[in-house]
Peer 1: 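Got a structure here, written out as structure tokens. Questions coming.
Numbered from 1 within each chain, the chains take letters A, B, ... in sequence-line order.
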There are 2 protein chains.
Amino acid sequence: MSDQTTCRRDARPRRLILAGAHRQPGYCLTCGIRAQSICSVIDDDDIARLAETAVETLALPGRTFIEEGAPATDFYNITSGSVKLFKALPDGRRQITGFATTGHFLGLAVSDQYAFGAEAIDTVRLCRFSRPRMRQLMDDFPRLERRLLAEASNELVAAQNQMLLLGRKTARERVASFLLERMREARDPAEDVPLPMTRSDMADYLGLTIETVSRTLSWMRTERLIAIGKGHTVRITAMERLEALAAGES
Amino acid sequence: MSDQTTCRRDARPRRLILAGAHRQPGYCLTCGIRAQSICSVIDDDDIARLAETAVETLALPGRTFIEEGAPATDFYNITSGSVKLFKALPDGRRQITGFATTGHFLGLAVSDQYAFGAEAIDTVRLCRFSRPRMRQLMDDFPRLERRLLAEASNELVAAQNQMLLLGRKTARERVASFLLERMREARDPAEDVPLPMTRSDMADYLGLTIETVSRTLSWMRTERLIAIGKGHTVRITAMERLEALAAGES
DNA sequence: AAAAGACATTGATTCAGATCAATTCAGCCC
DNA sequence: GGGCTGAATTGATCTGAATCAATGTCTTTT
């Protein structure tokens with residue numbers, strides 16, 4: 001009976017992915033707790049009521065599943081994979097406003113249009129809700145609303161950090177900040193930081209060009225701050241100095 | 001008896017400013033509706049319960065009432081006046097992440113430290129809550145939580161726009177975007193845009209220097225896009241061209 | 001294994017905006 | 001009105017990152 005108070009459920013064709021579907025790590029939709037954890041607000045009755053509210057979809061790498069400016073009809077929860085969020089100018093200039101991974105919510109707009117686009121980096125599993133359904137869910141599960149507020153607050157803090165980076169940091173400081181952010185994001189055992197995105201994505205995230213990103217990474221290598229590994233990874237070899245650089249202390 | 005369902009209340013020494021205190025326009029704390037409007041979730045009993053939850057404070061121009069990195073003990077609602085929010089680097093470089101005016105909430109942090117500083121531009125009237133009190137309020141009034149989520153969503157959209165501006169727009173595009181934003185913010189009858197902040201604030205908001213801001217405004221004047229008025233105002237004389245410039249179409 | 005294409009690095013040059021440096025202007029307070 | 005002070009403008013020069021241009025290095029395909 002312990003499963004009755006657990007968020008984890010197996011996959012079925014059309015269902016609400018509460019968490020941990022496909023045996024991958026995930027977050028409870030209503031409380032934000034990791035997949036295997038107990039989630040007291042959800043029981044079998046709740047799950048039966050919710051079963052038909054969401055559609056599971058798959059987005060292949062490179063697929064833009066949210067178009068900037070399009071009518072904001074749906075709301076998404078990322079079940080696995082990672083996504084880049086961006087805004088663009090008419091002449092093609094692009095700013096990546098953030099990366100989102102497993103457990104993140106997308107499409108929370110007050111406006112009736114999406115304010116940003118979203119594109120799959122690798123293969124992404126998504127849980128899609130209609131907007132009225134989402135409203136219903138928030139009414140039925142107040143903890144969901146609290147969870148969304150917490151996530152929005154965190155994103156706001158991240159956005160403010162990014163504004164400081166884009167408005168006032170040098171190229172070296174930007175790249176250092178980015179590497180440390182990636183490290184914290186992907187809490188691997190070692191200090192090997194995975195960089196699954198291209199140089200172009202890094203540049204569009206940091207407000208630089210691909211050449212400057214590349215040059216800066218090379219400079220960091222010659223300065224023995226990092227070691228550039230095989231297959232889009234970087235090892236930080238002088239954490240203290242990199243942190244000082246990212247914080248703008250040099 | 002119609003006052004029982006109205007948010008508007010007169011001022012008392014220590015009280016929750018629900019809205020419209022001091023006969024100034026304001027917003028209902030729980031529903032976000034303007035001062036004079038009906039707010040069905042608040043009645044006299046609620047008001048009695050809430051009466052002692054907040055402290056009204058005054059911040060004089062230039063006063064920093066939230067210190068970046070300080071323990072996040074309080075939560076604020078701006079009752080009147082305008083505020084600049086900012087982050088700084090150790091060497092003094094500064095990024096203004098936004099301006100907040102009447103009705104806005106500040107200090108909504110998941111972390112236990114403030115992620116940004118806040119300084120009064122003019123004289124600011126504030127309604128201050130302790131964090132536990134705020135949590136209590138959110139439990140008692142679910143609409144407050146919804147209101148905060150809506151505000152956070154809007155701020156997130158604004159933050160994404162600002163990231164695009166800081167990462168990818170030219171100085172001219174930045175200043176044009178800023179003027180239009182100010183115009184929309186202060187929906188005056190005429191096209192006279194008030195700019196109460198200094199050139200230094202504008203520069204720190206747009207990721208530029210004061211010289212570049214000044215030069216760009218002068219250029220816009222010679223190009224007959226704007227007319228610079230007396231006492232920190234600007235009149236937009238070529239809306240279409242300015243909008244095209246802000247959108248990056250030239 | 002070779003070819004093709006995308007992605008990444010490195011070099012040379014340019015330029016938008018920063019920095020340094022005077023003025024000029026707008027409030028203020030006697 | 002006449003200094004006084006901080007803010008704003010304007011000019012001259014410099015520089016960090018962009019742009020232009022090869023070259024090099026992975027991946028995928030066949």
Peer 1: Without decimals, in angstroms, what is the distance between B:Glu173 CD and C:dA16 P?
Peer 2: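 After rounding, the gap between these two atoms is 12 Å.
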
Peer 1: Nearest-Å distance, CD1 (A:Ile121) to P (C:dC7)?
Peer 2: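 Value for this atom pair: 14 Å.
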
Peer 1: Between A:Arg168 and A:Ile228, who's closer to the 5' end of DNA chain C by nearest nucleotide?
Peer 2: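 By nearest-heavy-atom nucleotide position, the 5'-most residue is A:Ile228.
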
Peer 1: Could you check whether any side-chain N or O of A:Arg93 sits under 3.5 Å from a backbone N or O of B:Arg168, counting only pairs where one atom can act as donor and the other as acceptor?
Peer 2: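 Yes: the side chain of A:Arg93 pairs with the backbone of B:Arg168.
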
Peer 1: Could you check whether any side-chain N or O of A:Gln162 sits under 3.5 Å from a backbone N or O of A:Tyr205, counting only pairs where one atom can act as donor and the other as acceptor?
Peer 2: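 Here the side-chain-to-backbone pair exists.
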
Peer 1: So does B:Ile121 get a backbone contact from the side chain of B:Lys84, meaning a donor-acceptor N/O pair under 3.5 Å?
Peer 2: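 No, because the side chain of B:Lys84 does not come within donor-acceptor range (under 3.5 Å) of the backbone of B:Ile121.
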
Peer 1: Anything under 3.5 Å between a protein N or O and an N or O of nucleotides 26-29 of chain C, put it in a table, one pair a line.
Peer 2:
residue : atom : partner  : partner atom : Å
C:dA26  : OP1  : B:Lys230 : NZ           : 3.4

Peer 1: Walking along DNA chain D from 5' to 3', note the first and the last nucleotide with an atom under 4.0 Å from a heavy atom of chain B, and give both.
Peer 2: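 With heavy atoms of chain B under 4.0 Å away, the range is D:dA8 to D:dA12.
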
Peer 1: NA contact type, B:Thr198, heavy-atom cut-off 4.0 Å: base, sugar-phosphate, or nothing?
Peer 2: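 Sugar-phosphate contact only - B:Thr198 comes under 4.0 Å of backbone atoms but never of a base.
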
Peer 1: Quick one: does B:Glu119's side chain have a donor or acceptor within less than 3.5 Å of a partner on B:Phe65's backbone?
Peer 2: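 No; zero donor-acceptor contacts below 3.5 Å.
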
Peer 1: CD of A:Glu211 versus P of C:dG11: gap in Å, rounded?
Peer 2: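 Answer to the nearest Å: 14 Å.
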
Peer 1: In residues 213-226 of chain A, which ones come under 4.0 Å of DNA chain C, going by heavy atoms?
Peer 2: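 Within residues 213-226 of chain A, the residues near DNA chain C are A:Ser214, A:Arg215, A:Ser218, A:Arg221.
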
Peer 1: To the nearest Å, give me how far apart CZ (B:Arg199) and C1' (C:dC25) are.
Peer 2: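 After rounding, the gap between these two atoms is 12 Å.
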
Peer 1: Is it true that a side-chain atom of A:Gln113 and a backbone atom of A:Gly69 form a donor plus acceptor pair closer than 3.5 Å?
Peer 2: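 Yes, A:Gln113 side chain to A:Gly69 backbone: donor-acceptor pair under 3.5 Å.
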
Peer 1: Would you check if the side chain of A:Arg174 reaches a backbone N or O of A:Leu166 as a donor-acceptor pair within less than 3.5 Å?
Peer 2: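 Flag set: sc A:Arg174 to bb A:Leu166 pair under 3.5 Å.
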
Peer 1: Angle class for the A:Phe99/A:Phe178 ring planes (parallel below 30°, perpendicular above 60°, tilted otherwise)?
Peer 2: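 Ring orientation, 0 to 90° scale: tilted.
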
Peer 1: Rounded to the Å, how far apart are B:Arg94 CZ and C:dA18 P?
Peer 2: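 That distance rounds to 15 Å.
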
Peer 1: A:Arg241 side chain to A:Glu223 main-chain N or O, any donor-acceptor pair under 3.5 Å?
Peer 2: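 It does hold such a pair.
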
Peer 1: Hey, which of these two, A:Gly207 or B:Ser200, hits DNA chain D nearer its 5' end, going by closest nucleotide?
Peer 2: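 The residue closer to the strand's 5' end, by nearest nucleotide, is B:Ser200.
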
Peer 1: Specify whether A:Phe75 and A:Phe129 have parallel, tilted or perpendicular ring planes, treating 30° as the upper limit for parallel and 60° as the lower limit for perpendicular.
Peer 2: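 Ring orientation of A:Phe75 relative to A:Phe129: perpendicular.
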
Peer 1: May I have the distance from B:Leu208 (atom CG) to C:dT19 (atom C1'), rounded to whole angstrom?
Peer 2: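 For the pair B:Leu208 CG and C:dT19 C1', the rounded distance is 14 Å.
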
Peer 1: Would you say A:Lys169's side chain and A:Ala246's backbone share a donor-acceptor pair under 3.5 angstrom?
Peer 2: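 Yes; judged by distance alone, with no hydrogens or angles, the pair exists.
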
Peer 1: Has the side chain of A:Thr237 got a donor or acceptor atom that lies under 3.5 Å from a matching backbone atom of A:Ile226?
Peer 2: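 Yes: the side chain of A:Thr237 pairs with the backbone of A:Ile226.
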
